[in-house]
Amino acid sequence: MSTAPTEHRLLDGTTLPAIGFGTYPLQGEECVAAVQSAIEAGYRLIDTAVNYGNEREVGEAIRRSGVPREELVVTSKLPGRAHAYDDAVASVRGSLDALGLDRIDLHLIHWPNPRVGLYVEAYRALVDLRAEGLVGSVGVSNFTEEHLTRVVEATGVTPVVNQVELHPWFPQVEMRAVHDRLGIRTESWSPLGKRQAPFTEAPVVAAAERHGVTPGQVVLRWQLQLGNVPIPKSATPERQRQNLDLFGFELSEAEVAAITGLGRADGRLFDGDPETHEEM
Ligand SMILES: NC(=O)C1=CN([C@@H]2O[C@H](COP(=O)(O)OP(=O)(O)OC[C@H]3O[C@@H](n4cnc5c(N)ncnc54)[C@H](OP(=O)(O)O)[C@@H]3O)[C@@H](O)[C@H]2O)C=CC1
Ligand SMILES: O=C(O)C(=O)[C@@H](O)[C@H](O)C(=O)CO
């Protein structure tokens, strides 16, 4: 039935599950329990960040899950305050320590922080850490075409993913075309639209009724059919399972286009323009 792949081959030869689990803003025991139940439900890509303050909990959930380490793709992210080369190396070592792992499978630069002006240096550090084996794959988040071009020109290494805000209000048509041209896999953050989810919008409701699924499943299936890797967060085991159950139906081209058509120029969920947003 399904035409969407369950995993993607990345530029560096590694594979990425077609859907992952987001962990912001989970904290403490709630985070451990949520990540553990997500792994139990079948998620194999887990998304955390230094700035989420929950890498320890994510590591604990991985250990409690009993799932073999090599089956999981653990992603973390370098914060803006650690873009200087030595700070980037120290930050990744800190993430490894907090997670209790000897390798982070995919490490991203969280935001380009253009006013700091050091994201190329940070990227170089991640490339060197990959050579040392402490990082499996190098990626970025919230990068524009210009930021991508600069790191590729400086290092000769293309990031395997760019994790960007992407949901029906903000479908990132131009950035997805840039990624396709460069061979970069698009990861979608806030893939459901978070608290402003478009669950009552006509194209989403109509597709949900037609296929006998929930609006959330329609939005996530739309993500898969565009080739994006969504990383929905849910603290609820039932929703975690529902968000993975996407391979028994297929949206028509017209349904996909109608959902993409919900996009609008001011569709960002908050003031997260990578050219100006500074997140340290
Ligand atoms: N790189 C970056 O700059 C950023 C990365 N991220 C990453 O992306 C992840 C996901 O984004 P996030 O902002 O959490 O937004 P999401 O779009 O994943 O939405 C999460 C919200 O939707 C609810 N929800 C989940 N599943 C369903 C469902 N099936 N039906 C109805 N409601 C549902 C959740 O509630 P409940 O928990 O109660 O189920 C939660 O309130 C983050 O956790 C983080 O890992 C996020 C922002 C920026
Ligand atoms: O969650 C993340 O990864 C972020 O980058 C934050 O910007 C987060 O989305 C936030 O704090 C929104 O207000």
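Below, each value reflects all heavy atoms present in this structure, side chains not excepted, and no hydrogens, waters or symmetry copies. All ligand and atom numbering here is 1-based and tracks the order in the structure.
- Between His147 and Tyr119, the ring planes lie perpendicular to each other; the angle is over 60°, past the 30° to 60° tilted range.
- Taking a cut-off of under 4.0 Å to the non-hydrogen atoms of Trp111, the atoms of ligand 1 that pass are 3 (O).
- When hydrogens are left out, the protein atom nearest atom 43 (O) of ligand 1 is Tyr24 N, 3.0 Å; that is the closest non-hydrogen contact.
- Of all heavy-atom pairs between Cys31 and Glu57, the closest is SG-CB, 3.7 Å.
- With Phe199, Trp189, Phe270 as candidates, the residue nearest to atom 46 (C) of ligand 1 on a non-hydrogen basis is Trp189.
- Contacts between Pro191 and ligand 1, counted as non-hydrogen atom pairs separated by less than 4.0 Å, involve both the backbone and the side chain.
- Put simply, Ile39 and Ile19 are part of the same group of oily side chains (I, L, V, M, F, W, Y) that touch within less than 4.5 Å, one to the next.
- Of all heavy-atom pairs between Leu224 and Phe247, the closest is CD1-CZ, 3.6 Å.
- Residues Glu60 and Arg63 are paired through a salt bridge, judged by an N-O separation under 4.0 Å between the basic side chain and the carboxylate.
- Across the listed options Arg239, Lys233, His167, Arg239 owns the non-hydrogen atom lying nearest to atom 28 (C) of ligand 1.
- Protein heavy atom closest to atom 9 (C) of ligand 1, with residue, atom name and distance, is Ile231 O, 3.2 Å.
- Each of the atoms 43 (O), 45 (O) of ligand 1 lies under 4.0 Å from some heavy atom of Thr23.
- Closest protein heavy atom to atom 19 (O) of ligand 1: Lys194 CA, 3.4 Å.
- Smallest separation of non-hydrogen atoms from Val92 and Val135: CG1-CG2, 3.9 Å.
- In this structure, Val161 and Leu106 approach most closely via the heavy-atom pair CG2-CD2, 4.0 Å.
- Close approach of ligand 1 to Ala235 (heavy-atom distance below 4.0 Å) involves ligand atoms 36 (P), 37 (O), 39 (O).
- If you number the atoms of ligand 1 from 1 as listed, the ones under 4.0 Å from a heavy atom of Thr236 come out as 36 (P), 38 (O), 39 (O).
- No more than 12 heavy atoms of other residues, nucleotides or ligands shown are found within 6.0 angstrom of CD on Glu40.
- Short contacts between ligand 1 and Gly193, defined as distances under 4.0 Å to a heavy atom of the residue, involve ligand atoms 17 (O).
- Residue, atom and distance of the protein heavy atom nearest to atom 15 (O) of ligand 1 are Ser190 CA, 3.4 Å.
- To the nearest 0.5 Å, atom CG of residue Asp245 and atom CZ of residue Arg239 are 15.5 Å apart.
- Regarding atom 44 (C) of ligand 1, its nearest protein heavy-atom neighbour is Tyr52 OH, 3.4 Å.
- Smallest separation of non-hydrogen atoms from Val157 and Tyr123: O-OH, 2.9 Å.
- Atoms of ligand 1 lying under 4.0 Å from any heavy atom of His110, numbered from 1 in the order shown and given with element: 1 (N), 2 (C), 3 (O).
- Here the options are Glu7, Glu187, Arg44, the test is side-chain contact (heavy atoms from CB on, under 4.5 Å), and the partner is Leu16; only Glu187 passes.
- For the residues Asn142, Leu192, Val164, the heavy atom positioned nearest atom 3 (O) of ligand 1 is part of Asn142.
- Remark: minimum distance from atom 29 (N) of ligand 1 to any protein heavy atom is reached at Asn243 OD1, 2.8 Å.
- Taking every heavy atom of both residues into account, Pro230 and Gln223 meet most closely at CG-CB, 3.9 Å.
- In this structure, Arg115 places its CZ atom where only 12 or fewer heavy-atom neighbours from other residues, nucleotides or ligands lie under 6.0 Å away.
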Item checked: Criterion side-chain contact (heavy atoms from CB on, under 4.5 Å) on Trp222 and Thr260, from CA distance to verdict -> CA-CA 8 Å; Trp222 168 80; Thr260 306; 3.0 Å; yes

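- Between Glu132 and Arg93 there is a salt bridge, with a side-chain nitrogen of the basic residue lying less than 4.0 Å from a carboxylate oxygen of the acidic one.
- Summary of contacts: the protein heavy atom closest to atom 39 (O) of ligand 1 is Ser234 OG, 2.5 Å.
- Tyr24 and Tyr52 have tilted rings, their planes meeting at an angle from 30° to 60° on a 0 to 90° scale.
- Looking from atom 45 (O) of ligand 1 to the surrounding protein, the closest heavy atom is Asp47 OD2, 2.7 Å.
- Atoms of ligand 1 lying under 4.0 Å from at least one heavy atom of Pro232, given by number and element, are 18 (O).
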Ligand 2 N/O to protein N/O, distances under 3.5 Å:
unit_1	atom_1	unit_2	atom_2	d
ligand 2	1 (O)	Tyr52	OH	3.4
ligand 2	3 (O)	Tyr52	OH	2.4
ligand 2	3 (O)	His110	NE2	2.7
ligand 2	5 (O)	His110	NE2	3.0
ligand 2	5 (O)	Trp111	NE1	2.9
ligand 2	5 (O)	Glu279	OE2	2.9
ligand 2	7 (O)	Glu279	OE1	2.7
ligand 2	7 (O)	Glu279	OE2	3.3
ligand 2	11 (O)	Tyr24	OH	3.3

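- Counting heavy atoms under 4.0 Å from ligand 1, residue Gln242 touches it through the side chain alone.
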